[in-house]
Amino acid sequence: MAPLSQTRDQTAARVSADEAGAASAPVVVTIRRSTLLRPAVALLAKELRTEFRTRELLATTLVFVLMVLVLFSFTFDPTAAETRRFAPGLLWLALLFAGSLMLHPSFTREQANDTLAALRLAPIEPVAILAAKIAANLCFLLLAELMLLPIFAALYNLSLLPVIGRLVVVLFLGTLGLATIGTVFSAVSAQARMRELLLPLLLLPLMAPALIASAEATVGLFDDSAALSPVWTTFLAAFDVMFLTVTWLFGEYLLEE
Amino acid sequence: MAHSMATSTLSTREVARAGTDGLATLGVAALLAVAGYCALFVAPTERTMGLIQRIFYFHVPSAWTGFVAFLISFIASIAYLRVRSPKWDWLAVSSAEIGVAFMTVMLVTGPIWAKPVWGIWWTWDARLTSTFVLWALYVCYLLLRTLIDDPERRGVVSAVFNTFAAFDIPLVYFSIWFFRTQHPQPVIGDGGSLDPRMLRVLLLCWAALLGVFVLLLRQRYRVEALRHRVAELQISAAREEDER
């Protein structure tokens, strides 16, 4: 059992310890240890459970991206030799559009029963709420992407197998950025009028550097060298780290009442 | 009686303020005139591009002033998130709005120069594109503000967006080095080949535009403060109505 002195810098925990007396020391230690990680994991489980009961987000994302990819093929001639040049860009654009529409429910979903207020009242770090939602959205988007990849490869006549490992790295890095910014700004748009229009408006310009980097990195995988571009991969990783940090520093302001 | 006295003291203060404003405006107008004269007649004509290059003295300082405006807006947003005084929010929105105006000037003068020199109005070069994205980010910031009614929510939410936008800008600008670029490389600093006279005129033009920026910022900030005051008066009037 950890000594009470561990809670020295936790004002809230100390207050509850003073109120309840030394007997509650184990409880206090539990609160201290788990204001970020454990609630985040619990919330992630909750997000995943909610989604997998209906699978509505996943299904709509899949159908939406497929439709966009098919419609793109009407505006270009996908049989041309240039396919390998523009297909990755189309895929990322379709994913970005999908993200800007599908990430919208992450926070509006909580509004129906005002469950966000309950989450805010819980003795957890506000960042845990955001982190759980980012992780959940990352899971949904990655899952949808993995299901889409074979269809995308077939439609645009690309061979995936030689580059699949490197492609998953690019998909992960690009999608992490999309999930981070998309989740944060779904919290913003949930508080505004015209919310359905607002999320794409905020997301698309912010995602521009990541879109360029993801598309360029993916194009690099499908050209003759099939190499993972170190510049664009590092850029994507830097993008993710930067916005995860900014979310960690400033995201909690969005959850205030 | 008390009412009329209050009005008269207020108007004295306003007269004094109008005096300072008038002097400042005159000063900036004079500076603009000198800068314009130098840009058109004092600076040497560029060897290959000719006269059209003189738009550079308006284009580049507008961009720099826009960057300064966005930087002020970003700092004010951070300060608002920390301190929560509405004044920081007023400063953030005022500066962002004027920044968008200066960036619009830059985005309009750029193609006017590019058409005769490059032969095209626009190219999807990294620097052009990234500056366009930067402009779009702050247009979105201003749009976002119109869609939230509660002043405190509006302040917090738009300040967070401003922070994200500000962190996006370096990423957008790093991409200059990753992409091949058609835009003239910066001519100031290491390896620059700018004539010293051209540089002096450029800095003079920038000083003039910064003066315009400060004047506009003062006015715009005052408008924001007055809007806040009107909203307060409307609330207290509605409350009095309710009490009656």
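In what follows, every chain begins at residue 1, and chains take the letters A, B, ... in the order their sequences are listed.
- The pair D149(B)-R193(A) meets the salt-bridge criterion, with a side-chain N (NZ, NE, NH1 or NH2) lying under 4.0 Å from an Asp/Glu carboxylate O.
- Neither the backbone nor the side chain of L134(B) comes within less than 4.5 Å of any heavy atom in chain A.
- Within 6.0 Å of the CD atom in E152(B), the count of heavy atoms belonging to other residues, nucleotides or ligands does not exceed 12.
- Residue T245(A) does not touch chain B at all, counting heavy-atom pairs closer than 4.5 Å.
- Heavy-atom distances place the side chain of I78(B), and not its backbone, under 4.5 Å from chain A.
- Contact annotation for R84(B): only side-chain heavy atoms (C-beta onward) come within less than 4.5 Å of a heavy atom of chain A.
- Heavy atoms closer than 4.5 Å to chain A are found in the backbone of T146(B), but not in its side chain.
- With a 4.5 angstrom heavy-atom cutoff, L198(A) touches chain B only via side-chain atoms.
- At a threshold of 4.0 Å, the pair R120(A)-D114(A) does not count as salt-bridged, since none of the basic side-chain nitrogens sits closer than that to a carboxylate oxygen.
- With salt bridges taken as basic N to acidic carboxylate O contacts below 4.0 Å, none links E224(B) and R229(B).
- For an aromatic pair to be called close, the ring centres must be under 6.0 Å apart, and W64(B) with F67(B) fails this.
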